[in-house]
Chemist: 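Structure provided below as C-alpha cells; questions to follow.
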Protein chains: 2
Amino acid sequence: MLPNLQHMSDNGNIMHLDGALPIQYLPKPPKRPRTSFTSEQLQIMQTHFIQDKNPDAQTLQRLADMTGLSRRVIQVWFQNCRARQKRNPLHDSIPPLDRYQTSWI
Amino acid sequence: MLPNLQHMSDNGNIMHLDGALPIQYLPKPPKRPRTSFTSEQLQIMQTHFIQDKNPDAQTLQRLADMTGLSRRVIQVWFQNCRARQKRNPLHDSIPPLDRYQTSWI
DNA sequence: GCCTAATGAGTAGTAATCAC
DNA sequence: GTGATTACTACTCATTAGGC
C-alpha cells in the first residue's frame, strides 16, 4: 500500500526548495472504490455467464444497461469469473451446499 | 501500460512558448478513434472480399451504404485484409471476429 | 481472515496512420 | 496502391486492497 509514499521519503530529500511542505501531509489517500453487487445484478450476470463466458462488446453494454452497472465493471466481473472458474474447476454448475449466498454460479 | 503518457510528449503540444512549463501538466491526448465492426458488417465485407479483393471506388461506396460505415473505413479494411492475407496465407477466409466465440451468428 | 473487485504487467489482434 | 508502424481494445495471469 502507498507505494508513492514509500519512495518519496528515501531519495535525496531535496525537497526543501520553496517549501515548508512537510512530508507527512503529502499524498492523497486514493482509496480504491469497490462495487458490491446486488443479488439481482449477480443473478443477471451469472445467468448470462452460463450461456456465454466471453460476451462481446455490445453484449457487455446490454448487460450494463440491464444492471445499471458500467460496462467496465461488467467486463471485470466476467474476467474474474473466468479466472475463478479456471482456478477452481470443481463447481462449474451449481454449488453443492447451500450456505447463504455463495455468490457463485 | 501508460500509452497515453508516452505519445503525449511528441505530438502537437506547442509548449515552448514561454519556458519552464513542465510537461507535468499533460494537456490532452488526442485519442485515435477505432471502429469496431458488428458481425453483420464483417459478414458483408468478408463475403465481398472473397469475390473481389480490390473493389473500385463505386463498389466501395456501395458497401459503405450497405454497412453504414464510411467509404474510408471500408477501404482501410480491404487494405488491411489484403495485407493480412498476404502475411498469413493459411486461412484465406474469415478472420475470427471474436476471439473465443465458438459460433458466430 | 476470507472472498473477490480492482489494478497492473505482459501479450495479441487489428483499425488507422505513415512512409514510399 | 503496398509495407511497416502506431495506437487502441481486449484478453490472461498475478497481485493488491476493500468489506463483510
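Below, read A as the first sequence line, B as the second, and so on, with proteins coming before strands; counting in each chain starts at 1.
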Chemist: Using every non-hydrogen atom in the two residues, find where B/Ser70 and B/Ala64 come nearest and quote the distance to one decimal.
Modeler: C-CB, 4.0 Å

Chemist: Classify the angle between the aromatic ring planes of B/Phe49 and B/Phe78 as parallel (below 30°), tilted (30 to 60°) or perpendicular (above 60°).
Modeler: tilted

Chemist: Between C/dT4 atom P and A/Phe49 atom CZ, what is the distance in whole Å?
Modeler: 13 Å

Chemist: From CD of A/Gln79 over to C1' of D/dT9, roughly how many Å is that when rounded to an integer?
Modeler: 12 Å

Chemist: For A/Asn80 and D/dT12, what is the distance between atoms CG and P respectively, to the nearest whole Å?
Modeler: 11 Å

Chemist: Return the value, rounded to whole Å, for the distance between atom NZ of B/Lys86 and atom C1' of C/dT14.
Modeler: 18 Å

Chemist: Please determine whether the number of non-hydrogen atoms from other residues, nucleotides or ligands lying under 6.0 Å from atom CD of B/Gln58 exceeds 12.
Modeler: no

Chemist: Can you check the B/Phe78 CZ to D/dG1 P distance for me, whole Å?
Modeler: 12 Å

Chemist: Of all the choices, C/dA16, C/dT14, D/dC8, which nucleotide is nearest to the side chain of B/Thr35 once you look at every atom?
Modeler: C/dA16

Chemist: Whole angstrom is fine here: how far is it from CG in A/Asp52 over to P in D/dC11?
Modeler: 11 Å

Chemist: For residues 69-76 of chain A, which residues have at least one heavy atom under 4.0 Å from DNA chain C?
Modeler: A/Val73, A/Val76

Chemist: Write down the atom of B/Leu60, the atom of B/Pro55, and the distance for their closest heavy-atom approach.
Modeler: CD2-CG, 3.8 Å

Chemist: Grab the two heavy atoms, one from B/Thr67 and one from B/Gln41, that are nearest each other, plus how far apart they are.
Modeler: O-NE2, 3.1 Å

Chemist: Tell me the interatomic distance from A/Gln61, atom CD, to D/dT9, atom P, rounded to whole angstroms.
Modeler: 14 Å

Chemist: Looking at B/Lys31, does any N or O in its side chain come under 4.0 Å of the phosphate oxygens OP1/OP2 on D/dT6?
Modeler: no

Chemist: Taking atom types as they are modelled, is there a donor-acceptor pair under 3.5 Å from the base of D/dT16 to the side chain of A/Arg32?
Modeler: yes

Chemist: Any idea which heavy atoms bring B/Gln51 and B/Thr47 closest together, and the distance?
Modeler: CG-O, 3.6 Å

Chemist: What are the two closest non-hydrogen atoms of B/Lys53 and B/Arg82, and how far apart are they?
Modeler: O-NH1, 2.7 Å

Chemist: B/Arg34 CZ to C/dG13 C1': how many Å, rounded?
Modeler: 7 Å

Chemist: Measuring from the side chain of B/Asn54 (C-beta onward, heavy atoms only), which nucleotide among D/dT12, C/dA5, D/dT2 has the closest atom?
Modeler: D/dT2

